[in-house]
Amino acid sequence: MRSWGVLGGAAAALAAGIYVLWGPITGRKRRRRGLVPGLLNLGNTCFMNSLLQGLSSCPSFIRWLEEFTTQYRTEQEKSQEHHQHLSVTLLQLLRVLSCQEVTEDDVLDASCLLEVLRMNRWQISSFEEQDAHELFHVLTSSLEDERDRQPRVTHLFDVHSLEQPEITQKQISCRTRGSLPPVSNHWKSQHPFHGRLTSNMVCKHCEHQSPVRFDTFDSLSLSIPAAVWGRPMTLDHCLHHFISSESVKDVVCDNCTKIQAEGLLNGQSIENQRTTFVKQLKLGKLPQCLCIHLQRLSWSNQGTPLKRHEHVQFNEFLVMDIYKYRVPGPKSTQEQLSQKNLEETTPGIKDGRAGKPSDAEQPAGSKPLFMNGASSSSFLMSPGTFPLAAFSECRAPLYLYRLMAVVVHHGDMHSGHFVTFRRAPGARSSQWLWISDESVRRASLHEVLAASAYLLFYERVHGRAQPQPQSPARD
């Protein structure tokens with residue numbers, strides 16, 4: 001018994017010595033190397049924490065915020081007024097989460113973002129269930145409102161703009177080629193998630209195309225097509241479903257009416273010719289940062305909301321060329337050859353239009369070939385590689401995107417929890433992280449691609465350079 005007492009006393013003395021020399025262990029908790037800070041859950045703020053981690057993995061968005069907030073720094077506003085701007089508060093948080101600002105804390109408090117949103121008349125409670133995608137819309141729309149509130153005159157500190165010669169209205173009206181000079185105020189530019197959709201309608205009778213209509217978007221909300229329920233689904237299935245054409249009946253066609261009128265005698269009246277038009281959406285302007293929202297809401301026969309839990313296959317690299325709208329025009333011989341090769345290697349592309357390949361175009365017993373989230377052996381990709389063989393040698397993908405973050409929702413339509421997979425900071429980083437509020441750990445690319453994604457964050461890269469193979473990530 002005496003020996004046990006001696007050992008116990010020695011252990012107590014050793015513990016006391018460590019406390020005197022180093023202080024309490026809990027007070028010396030530091031963030032592990034290679035990880036990023038976590039975010040404190042303020043009640044039910046996992047929706048905000050997961051979105052902030054995803055946005056902090058997009059360097060282009062952070063650079064845009066830095067340029068956007070330059071105006072405030074040059075004005076040298078007071079500290080209290082300075083922090084009332086959403087862009088400034090958001091930039092400070094994202095810089096810390098992307099390790100651009102050094103901090104010893106392993107957990108951050110993002111309540112300042114909620115306070116700024118409330119000052120912008122957004123009533124967001126930290127104790128109620130919220131949606132990460134809805135918050136994304138709140139942030140982008142608030143940033144656009146903040147941009148629109150900026151003065152439209154040249155600032156006195158903008159010496160470069162003041163030195164430019166003033167363009168008169170006469171000079172503007174005399175321009176016949178090209179476009180007007182870009183606005184010099186860099187804080188007026190759109191955020192990198194800003195894109196444009198095109199909507200065109202073509203008459204099935206005379207093939208006359210109506211004027212193209214444009215609309216803006218900050219994220220692509222893709223529904224899971226019912227035609228593939230219960231079967232393996234890819235991101236291409238959802239993208240093809242998003243831009244798939246639809247028939248619109250009983251539409252007045254001015255061209256058909258004109259053709260019909262030309263065959264009649266003078267003075268005879270003719271009714272407007274109504275035909276069926278084909279309407280199709282395409283992406284007119286692809287953003288630098290692409291946010292894809294996979295809609296997982298469905299409704300039961302009784303009218304109750306249900307969550308879709310199916311896994312949608314996606315890849316580390318995303319090709320968007322076939323979804324990009326191109327202005328019709330004469331093609332050179334080289335472009336025609338490239339288009340022919342692309343149609344032969346990529347089902348679903350005809351005359352520059354993307355559409356889901358029909359069953360007749362697919363060999364019997366084969367699966368549809370898709371480039372993004374492919375399950376076919378022809379397009380299987382090992383981690384860190386990209387199937388440039390899917391394109392002809394003379395045409396590499398121009399709109400190539402790299403996966404930066406994945407937001408996942410666990411739970412049902414009424415309650416749950418958001419977590420984020422994101423790249424570790426670094427321009428060429430291949431290390432992935434799993435983050436759930438305060439908890440941060442390393443993850444593998446295989447674990448990321450197996451997740452049931454709710455939000456996907458991609459950033460555009462140069463498509464003519466093949467990505468370098470990456471080393472396996474360690475958990």
Side-chain angles (χ1 to χ4, degrees), residues 26-59 61-62 65 83 85-120 122-140 142-143 193 289 291 404-411 415-426 429 431-443 447-448 451 453-457:
T26 56
R28 291 189 52 81
K29 187 177 181 181
R30 293 292 183 268
R31 179 158 41 91
R32 289 180 293 171
R33 186 176 182 181
L35 303 184
V36 298
L39 289 168
L40 185 67
N41 194 316
L42 307 173
N44 282 318
T45 56
C46 61
F47 72 100
M48 178 181 66
N49 296 342
S50 61
L51 179 62
L52 288 175
Q53 294 288 1
L55 292 176
S56 65
S57 66
C58 301
F61 183 58
I62 298 178
L65 284 173
H83 289 279
H85 297 293
L86 171 63
S87 58
V88 176
T89 303
L90 186 59
L91 175 61
Q92 291 176 344
L93 286 171
L94 298 187
R95 284 183 59 86
V96 176
L97 292 176
S98 59
C99 298
Q100 296 184 30
E101 290 187 4
V102 180
T103 176
E104 295 295 333
D105 299 327
D106 60 344
V107 178
L108 302 179
D109 184 348
S111 59
C112 54
L113 181 62
L114 292 177
E115 294 298 326
V116 173
L117 289 175
R118 288 168 184 148
M119 286 188 292
N120 284 271
W122 291 100
Q123 298 301 322
I124 300 178
S125 174
S126 60
F127 295 97
E128 297 178 359
E129 295 285 343
Q130 306 286 347
D131 183 64
H133 184 236
E134 291 181 3
L135 179 61
F136 176 79
H137 280 305
V138 169
L139 293 179
T140 54
S142 298
L143 288 173
F193 286 99
C289 296
C291 175
M404 305 305 293
V406 181
V407 175
V408 181
H409 179 262
H410 299 287
S415 62
H417 182 63
F418 286 99
V419 299
T420 303
F421 292 96
R422 57 158 294 183
R423 287 188 184 274
S429 175
Q431 176 63 61
W432 283 88
L433 304 175
W434 174 89
I435 305 174
S436 174
D437 292 332
E438 302 95 335
S439 302
V440 182
R441 64 168 174 82
R442 291 179 174 85
E447 184 181 1
V448 175
Y454 180 64
L455 294 177
L456 295 168
F457 289 94

**Report entry** Minimum heavy-atom distance between R422 and L97, given as atom pair plus value
**Finding:** NH1-O, 3.1 Å
Report task. Please step through side chain to side chain contact (heavy atoms under 4.5 Å, CB included) for the pair I62 and L55, ending with a clear verdict. Result -> CA-CA 8 Å; I62 298 178; L55 292 176; over 6 Å; no
**Report entry** Partner set under ring pair (Phe, Tyr, Trp, His ring centres under 6.0 Å) for H137, not counting sequence neighbours
**Finding:** H133
**Report entry** Passing candidate, side chain to side chain contact (heavy atoms under 4.5 Å, CB included) with V408, options W434, F418, F421
**Finding:** F421
Report task. Would you mind reporting whether V406 and L456 have side-chain heavy atoms less than 4.5 Å apart? Result -> yes
Query raised in the report: Taking side chain as C-beta onward, heavy atoms only, is E134 less than 4.5 Å from V138?
Result: no
Query raised in the report: Parallel, tilted or perpendicular: which describes the rings of F193 and F61, with under 30° parallel and over 60° perpendicular?
Result: perpendicular
**Report entry** Contact check, side chains of L135 and Q130, non-hydrogen atoms, under 4.5 Å
**Finding:** no
Query raised in the report: Do L433 and T420 come close enough that some side-chain heavy atom pair is under 4.5 Å?
Result: no
Query raised in the report: Do any N or O atoms from the side chain of Q431 and from the backbone of A443 form a donor-acceptor pair under 3.5 angstrom?
Result: yes
Query - Residue pair L93 / C112, side-chain heavy-atom distance below 4.5 Å - result: yes
Requested in this report: Decide side chain to side chain contact (heavy atoms under 4.5 Å, CB included) for Y454 and D131; before the verdict, give the C-alpha distance in whole Å, the side-chain angles of both, and the deciding distance to 0.1 Å.
Outcome: CA-CA 11 Å; Y454 180 64; D131 183 64; 2.7 Å; yes
Requested in this report: Applying side chain to side chain donor-acceptor pair (under 3.5 Å), name anything that partners Q100, two or more places apart in sequence or on another chain.
Outcome: R95, S98
Query raised in the report: Tell me, do D105 and V96 make a side-chain contact under 4.5 Å, heavy atoms counted?
Result: no
